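These numbers come from a predicted model, not from an experiment. Numbers for residues simply follow the sequence, beginning at 1.
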Amino acid sequence: MSKKIKISDLCSRLDQQYIEDLDVENMTELKPSEQRIEDIVFQKLRTEQETAAPAGKRGTMRKKSWKILLIAAVLCLFSTTAFAMAGGFDYFRSIFGDTVDNAKQDILTPQITVSDNTRQMSLESMLTDGYKLNLIVSLKTMSGKADGDVEKKEPIDLFDVTLQPPASDSGRQENAMSFTCNELTEFSTNGRHLYHIQMDSLTDCTGWNMKVSLADDLGGLSLESDIKGSAAATELTINQVIDNSLTIETLQISPLGVLVIGNEGNASGGLPTPSISLTFKDGTQEELINPSSFDSGDGETVTGGGGVVVGEDPMTGPLVVATYGQRNPSGKLAIAGEFGRIIQIKEVQSITVNGTAYPVN
């Protein structure tokens, strides 16, 4: 049976003789300042005192030494969201687990911030392979109080992201094939919320300008950043005829996912999907995409896009947790698979498309 232990009780029961001998080693990526830890612990103590039942009244607590505060803070480190001051590496660890180590060098922390009289919006982190964009965006109230208007909205309705190529390729604006937004609740506090925005593009957007805008009814704050720091990716030229209509032209694999570009001579029915699997050098195989990844279309020709989410634990389930498809009137077909874990491309041996294996390294 679990038992809730209050930080104030730990402090009050701590024997003074052990304080000087206790040495705590930080085993996390978090590096809070002494003042930050002190503020957090005293905030927790105040919360306890304000919410304590009358029958549990206890005497006024004397301010303990800094070392007692450090002990109390470390003991509660993993049981509270009070340490929601983690960096981009920790944000992405909450999404991709320990596999984020495979892309640690590719995580950028732009720290671009805009604000008005009500809110502050910041681009905290970015992880991309050029085609797949992973952004961590924070919203904070200037007053420090809860943001009721933001909390009423679904995360997907909070932001709009547009991509613009450099001036040398002007006149074209890329629309995302997919756009998702989820709140990282473990890092959010009363007046500050963090969100994971993920997009798939049909074009390598490295070097493009990205604009993230807050919903107009929330003030329309917007910030801009260049897309850079792309994770290593490998593109294979396939040119494999799947059937009389579909030809797979290229396949791009990165630590974050897979993107397949094809061409249809005569678009009909549901989105056509070849069988694609990945083989690692240790012999492990992962199915990436199969013919059931999209609906059949029920006899009608699917136009535009479609997608499916695989509802399994990304750390123990299939490597691909979601697929997206886009069929254009010109005959171009794009299929993207989103990884729930970050892989190392150097560990990939081959990709198999409808029974034909293509070496990656």
Side-chain angles (χ1 to χ4, degrees), residues 129-132 177-178 200-204 231-312 314 316-361:
D129 62 6
Y131 293 86
K132 289 176 174 55
M177 179 166 57
S178 69
D200 281 278
S201 168
L202 302 183
T203 304
D204 184 352
T234 297
E235 184 170 293
L236 305 176
T237 300
I238 304 294
N239 288 328
Q240 179 180 339
V241 178
I242 302 300
D243 55 34
N244 293 331
S245 176
L246 175 64
T247 298
I248 298 298
E249 298 174 340
T250 61
L251 189 152
Q252 187 241 32
I253 184 78
S254 83
L256 305 177
V258 60
L259 178 67
V260 182
I261 303 294
N263 188 68
E264 292 182 280
N266 181 28
S268 63
L271 294 174
T273 314
S275 295
I276 301 176
S277 62
L278 196 67
T279 301
F280 291 93
K281 292 180 179 178
D282 64 1
T284 304
Q285 292 187 328
E286 289 278 0
E287 183 179 70
L288 303 183
I289 296 171
N290 62 53
S292 62
S293 293
F294 300 99
D295 293 335
S296 63
D298 296 327
E300 298 182 2
T301 299
V302 174
T303 57
V308 63
V309 175
V310 180
E312 297 196 40
T316 59
L319 177 61
V320 171
V321 295
T323 56
Y324 307 97
Q326 180 78 46
R327 171 187 271 156
N328 295 332
S330 63
K332 283 292 183 181
L333 176 76
I335 301 169
E338 171 193 325
F339 292 169
R341 306 183 290 276
I342 299 177
I343 67 172
Q344 295 188 61
I345 297 300
K346 65 180 182 180
E347 298 300 327
V348 177
Q349 177 175 299
S350 63
I351 294 178
T352 300
V353 180
N354 273 26
T356 302
Y358 299 88
V360 173
N361 294 300

When you measure from the side chain of [X] to the backbone N and O of [Y], does any donor-acceptor pair fall under 3.5 Å?
| X | Y | answer |
| --- | --- | --- |
| N354 | S275 | yes |
| T247 | E249 | no |
| E264 | L333 | no |

For L278 and V348, what are the C-alpha separation, side-chain angles and deciding distance, and is it a side chain to side chain contact (heavy atoms under 4.5 Å, CB included)?
-> CA-CA 7 Å; L278 196 67; V348 177; 3.5 Å; yes
Starting from the C-alpha separation in whole Å, work towards a yes-or-no answer on side chain to side chain contact (heavy atoms under 4.5 Å, CB included) for T352 and I276.
-> CA-CA 6 Å; T352 300; I276 301 176; over 6 Å; no
Interatomic spacing from [atom1] in [X] to [atom2] in [Y] - rounded to 0.5 Å:
| X | Y | atom1 | atom2 | value |
| --- | --- | --- | --- | --- |
| Q285 | Q349 | CD | CD | 9.5 Å |
| I248 | I261 | CD1 | CD1 | 9.0 Å |
| Y358 | T234 | OH | OG1 | 16.0 Å |
| L259 | D204 | CG | CG | 10.0 Å |
| S254 | I343 | OG | CD1 | 7.0 Å |
| D129 | I253 | CG | CD1 | 9.5 Å |

Could you report the tightest heavy-atom contact between [X] and [Y], atom names first, then the distance?
| X | Y | result |
| --- | --- | --- |
| V353 | Q240 | O-NE2, 3.1 Å |
| V258 | K132 | O-NZ, 3.4 Å |
| T323 | L288 | CG2-O, 4.4 Å |
| Y324 | E338 | OH-OE1, 3.2 Å |
| A357 | P359 | O-CD, 4.0 Å |
| P274 | I242 | CB-CD1, 4.2 Å |

Side-chain contact, heavy-atom cut-off 4.5 Å: [X] with [Y]?
| X | Y | answer |
| --- | --- | --- |
| T250 | L236 | no |
| I289 | V320 | no |
| I351 | V360 | yes |
| L256 | F339 | no |

Residue pair Y131 / Q252, side-chain donor-acceptor N/O under 3.5 Å | no
Might you work through the side chain to side chain contact (heavy atoms under 4.5 Å, CB included) test for E286 and R341, ending with a clear yes or no?
-> CA-CA 12 Å; E286 289 278 0; R341 306 183 290 276; 3.0 Å; yes
Heavy-atom count around K346 NZ within 6.0 Å, excluding the residue itself: above 12?
->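 Counting other residues, nucleotides and ligands, NZ of K346 stays at 12 neighbours or fewer.
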